[in-house]
Amino acid sequence: MHIKMLGTAAAEGIPALFCNCPVCSHARKTGGKEIRTRAQTLIDQTILIDFPADSYLHMLRYHIDLSAIAYLLVTHSHDDHFYPMDLLMRLPGYGKNWGQKQLHIYGNSFVIGLLKEMAQRFSEPAIWEYLVPHEIKPLDTFMLGAYKVTALPASHMKTEDALVYLLEKDGVCYLHLYDTGVLRQEFYQGLHGKSVHCVCADCTMGKCASQYWGHMGFEDVLNLKERLDREKITTDQTKWVITHFSHNGNWLYKDMEQALRQAPVIPAYDGMELDL
């Protein structure tokens, strides 16, 4: 399984749109891995996880044929993870010679509701020939071609069931934990009996434990790792990656790289690739 991390920032991006804090100022001056776009991940050139407005930039930067993507998994309805207006571009008047006629979109009721609202707003009933919505709930399991996907409950929002995802293919298991705080018992029940090869975990709040229930910090990730190791869901061979960073976490990439040099956790950057 090939994982490409197209964007690794929280909602503001780094540098943030309207910010001149030390982290954002350093990122503007330095560039490179200090620049972070909104979160999006590509699995084997087949499955996209989340669709922010930065999808257009990711297409250009990484030479991605978005028309060839068959499946889109959406974690929740916040617009840094789901920007449905750009999906209107999948109508024939906006694009031609697609790799896939249809894009299957999986998300909770709020995500699917936003998608339908977009189609109604622009009076485009024909969009459903090209976009296929699938409403899912926590603990649902379904197949995307050769991939088995389990939707697990995140701890992120009080208004909807935000999701994180477990993807399995050919004996390889990837756990995608973006936009979640400390996870509830129901999450662990959904992982019972699994053996995970890679975890990409929310570390929005930076170096310490989070003071916000909907995201994690580094201490929260270490606590999660300890529990998953103890329950034998992960092992010392599991790759651990932290991602989804906010400038409010006050942690530059260069400082992460130095601080975690001997740690069992890798800091992500835009464009990072993992082979599992």
Shortest non-hydrogen separation from [X] to [Y] and the atoms involved:
X: Pro52; Y: Tyr83; answer: C-CB, 3.9 Å
X: Ser155; Y: Arg184; answer: OG-NH1, 3.2 Å
X: Ser77; Y: Met157; answer: OG-CE, 4.2 Å
X: Leu183; Y: Ala154; answer: CD2-CA, 4.3 Å
X: Ala11; Y: Arg38; answer: O-NH1, 3.0 Å
X: Ala151; Y: Ile136; answer: CB-CD1, 4.1 Å

If you count heavy atoms of other groups shown closer than 6.0 angstrom to [atom1] of [X], is the number above 12?
X: Tyr212; atom1: OH; value: yes
X: Gln120; atom1: CD; value: no
X: Gln211; atom1: CD; value: no
X: Lys116; atom1: NZ; value: no

From [atom1] ([X]) to [atom2] ([Y]), nearest 0.5 Å:
X: Ile14; Y: Thr8; atom1: CD1; atom2: OG1; value: 7.5 Å
X: Met256; Y: Leu252; atom1: CE; atom2: CG; value: 7.5 Å
X: Trp240; Y: Leu175; atom1: CH2; atom2: CG; value: 7.5 Å
X: Phe245; Y: Tyr253; atom1: CZ; atom2: OH; value: 9.0 Å
X: Met143; Y: Tyr71; atom1: CE; atom2: OH; value: 9.0 Å
X: Glu219; Y: Lys207; atom1: CD; atom2: NZ; value: 12.0 Å

Could you tell me if the side chain of [Y] sits less than 4.5 Å from the side chain of [X], heavy atoms only?
X: Ile105; Y: Leu72; answer: yes
X: Trp128; Y: Pro133; answer: yes
X: Glu12; Y: Ser246; answer: yes
X: Asp140; Y: Thr150; answer: no
X: Met272; Y: Ile266; answer: yes
X: Lys4; Y: Thr41; answer: no
X: Leu103; Y: Phe51; answer: no
X: Ile49; Y: Leu167; answer: yes

- Message: Would His247 and Cys21 count as a side-chain contact (heavy atoms from CB on, under 4.5 Å) here? Give the steps.
- Response: CA-CA 8 Å; His247 62 140; Cys21 75; 3.5 Å; yes
Ignoring hydrogens and geometry, is there a side-chain-to-backbone donor-acceptor pair from [X] to [Y] under 3.5 Å?
X: Ser25; Y: Asn20; value: yes
X: Thr234; Y: Asp229; value: yes
X: Thr238; Y: Thr235; value: yes
X: Ser55; Y: Ala53; value: no
X: Thr75; Y: Leu163; value: no
X: Asp50; Y: Ala39; value: no
X: Tyr165; Y: Val74; value: yes
X: Asp79; Y: Phe82; value: no
X: His197; Y: Val172; value: no

Short side-chain donor-acceptor distance under 3.5 Å, [Y] and [X]:
X: His244; Y: Asp179; result: yes
X: Asp270; Y: Thr37; result: yes
X: Gln100; Y: Ser67; result: no
X: Asp65; Y: Gln45; result: no
X: His76; Y: Glu160; result: no
X: Asp220; Y: Ser210; result: no

Any link between [X] and [Y] through a network of hydrophobic side chains (Ile, Leu, Val, Met, Phe, Trp, Tyr) touching at under 4.5 Å?
X: Leu87; Y: Trp98; result: yes
X: Leu177; Y: Val265; result: yes
X: Leu139; Y: Leu228; result: yes
X: Leu66; Y: Met118; result: yes
X: Ile47; Y: Phe142; result: yes

- Message: Walk me through whether Tyr94 and Arg90 qualify under side-chain contact (heavy atoms from CB on, under 4.5 Å).
- Response: CA-CA 7 Å; Tyr94 299 105; Arg90 248 191 160 270; over 6 Å; no
- Would Lys33 count as a cation-pi partner of Tyr269, with NZ or CZ less than 6.0 Å from the six-membered ring centre and within 45° of the ring normal?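 Verdict for Tyr269: a cation-pi partner in Lys33.
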- Can you tell which of Asp54, Leu48, Leu57 makes a side chain to side chain contact (heavy atoms under 4.5 Å, CB included) with Gln40?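 The residue from Asp54, Leu48, Leu57 that satisfies side chain to side chain contact (heavy atoms under 4.5 Å, CB included) with Gln40 turns out to be Leu48.
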- Query: Leu166 pairs by side chain to side chain contact (heavy atoms under 4.5 Å, CB included) with which of Thr141, Leu191, Val149?
  - Reply: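 Going through the options one by one, the only one that passes is Leu191.
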- Task: On the 0 to 90° scale, with breaks at 30° and 60°, tag the His134-Tyr106 ring pair as parallel, tilted or perpendicular.
- Result: parallel
- Using a strict cut-off of less than 4.0 Å between a Lys/Arg side-chain nitrogen and an Asp/Glu carboxylate oxygen, indicate whether Glu168 and Lys194 qualify as a salt bridge. yes
- Item | Cationic N near anionic O, under 4.0 Å, Glu117 to Arg121 |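 Salt bridge between Glu117 and Arg121, a charged N being under 4.0 Å from a carboxylate O: no.
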- Task: Verify side-chain contact (heavy atoms from CB on, under 4.5 Å) between Met5 and Thr243, making sure each step is shown before the conclusion.
- Result: CA-CA 9 Å; Met5 306 175 79; Thr243 186; 3.7 Å; yes
- Message: With salt bridge (Lys or Arg N to Asp or Glu O under 4.0 Å) as the criterion, how do Glu257 and Arg261 come out once you've worked through the C-alpha distance, each side chain's angles and the decisive distance to 0.1 Å?
- Response: CA-CA 6 Å; Glu257 191 175 36; Arg261 194 173 297 277; 5.1 Å; no
- Message: Using ring centroids (six-membered ring only for Trp), state whether Tyr178 and His176 fall under 6.0 Å.
- Response: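 Yes.
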- Task: Go through His215 and His156 one step at a time and tell me if the side-chain contact (heavy atoms from CB on, under 4.5 Å) criterion holds.
- Result: CA-CA 7 Å; His215 285 292; His156 184 59; 3.4 Å; yes
